[in-house]
Amino acid sequence: MLLHLSDDFNLEKIKDSGQCFRWEKTDDHTYRIVHENSCLYISDLGNDQYDLDCTETEFYSVWENYFDLHENYQNIRKKINPETDSFLWTASESQKGIRILRQNPWEMLITFIISQNRNIPAIQKSVKLLSETYGTPAQDSRGLKYFIFPSPEAIALSDEESLNQCRLGYRAKYVRSAAEAVYSQKIDLDSLYQKKEQEVIKELTKLYGIGPKVANCISLFGLHHTDAFPKDVWINRILEKKYPDGYPFSQYSPYNGIFQQYLFAYYRSHPDA
DNA sequence: AGGCAGGCTTTTA
DNA sequence: TAAAAGCCTGCC
């Protein structure tokens, strides 16, 4: 189906923002995206037009929500004042087009445990290996195979040797432990959607291998708590250099997480800014 | 109690 | 060789 969008939407910027690790560029304008049980080819045709190889029914039941299209990002960016916060304004102008995807919380839990102390290509590699080892195969609209992200059960019951072959390193024990916690219902991820941010972080950091940074990533990217603010090495450098007198979190609530993405993506592409 | 150094698997640049 | 969307453990 053909889709016209007037709000911020840039596939390349979303892909490069480091929130999704199962996007694959298939040609200059097209990405193949795996989300839960579905797989989508989406092409940027220019002039705010997009071609999606799905039915309207599937678009409205799956992808409209996945891309967070009910939210107006242009409007959110109006909270940024170029006079009082020139750095965030520059970052947002440069990186507008990023959206916070509504991804699966269980997948984000595992993905961001894997992310610690690694760069993005290495994260993609492990997520791919996990999916190919423990996920269910399916066929996309072009007849090509893709893998649905593994269930908690599949990882919780996996044998140690094959899990180690997913190149998780010392994180393998964290991944297994998290899978066991979800599989045994020691933690109920869906219940976290309604809870307050502070409570969510508290629950998540109880899990082995999940500290404040990863918990905030799961909250932002898996539960769509747009006020969550992951502080990684890059963000800490920004806060030190650009906001020595403090960052105005309360002013930007409840969109701290969205603005964090602009800062993160901008600083990574302009490390000397 | 709370803070901090050291270690950790593997990949990437 | 160092750094990478960090966290755990042990020591003070």
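First the proteins, then the strands, lettered A, B, ... as listed; each starts at 1. Because only heavy atoms are used, hydrogens play no part in the values below, and waters and symmetry mates are left out as well, while side chains stay in.
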For the pair A:Gln260 (side chain) and A:Ile235 (backbone), establish whether a donor and an acceptor sit closer than 3.5 Å, ignoring hydrogens and angles. no
Hey, does the side chain of A:Asp68 reach the backbone of A:Leu101 with a donor-acceptor pair shorter than 3.5 angstrom? no
Minimum-distance nucleotide to A:Ala122 side chain [options: B:dT9, C:dA5, B:dT12]: B:dT12
Go through C:dG6, B:dT12, C:dA5 for me and flag the one nearest to the A:Gln116 side chain. C:dG6
A:Gln124 has an atom CD; how far is it from atom P of C:dA5, in whole Å? 12 Å
Run the salt-bridge test on A:Asp8 and A:Lys13 with the 4.0 Å N-O cut-off and return the result as yes or no. no
Within the 6.0 Å centroid threshold, strictly below: A:Tyr73 and A:Tyr255: no
Does B:dG2 have a Watson-Crick or wobble partner in any strand here, with both distances under 3.5 angstrom, and which is it? C:dC12
For A:Cys217 and for A:Tyr208, locate the closest nucleotide of DNA chain C by heavy-atom distance; then report the residue assigned to the nucleotide nearer the 5' terminus. A:Cys217
As a test of reading the structure: which of C:dC7, C:dA4, C:dA5 is closest to the side chain of A:Asn117, going by heavy atoms? C:dA4
Let's test your reading of the model: under 3.5 Å, does the base of B:dT9 pair with the side chain of A:Arg167 as donor and acceptor? no
Look at the side chain of A:Tyr174 and the base of C:dG6, then say whether one donor and one acceptor between them are separated by less than 3.5 Å. no
Whole angstrom is fine here: how far is it from CG in A:Asp232 over to C1' in C:dA4? 10 Å
Checking base pairs now: Watson-Crick or wobble, both atom distances under 3.5 Å. What partners C:dA5? none
Would you tell me if any nitrogen or oxygen in the side chain of A:Arg268 comes within less than 4.0 Å of OP1 or OP2 on C:dA5? yes
When you get a sec, tell me which of C:dA5, B:dC8, C:dC7 is the closest nucleotide to the side chain of A:Phe221? C:dA5
Over all strands shown, is A:Ser17 touching base, sugar-phosphate only, or nothing at heavy-atom distances under 4.0 angstrom? base
C:dA5 pyrimidine/purine six-ring stacking with A:Phe264, under 5.5 Å and 30°: yes
Looking only at heavy atoms, what is the nearest atom pair of A:Arg102 and A:His35, with distance? O-CE1, 3.7 Å
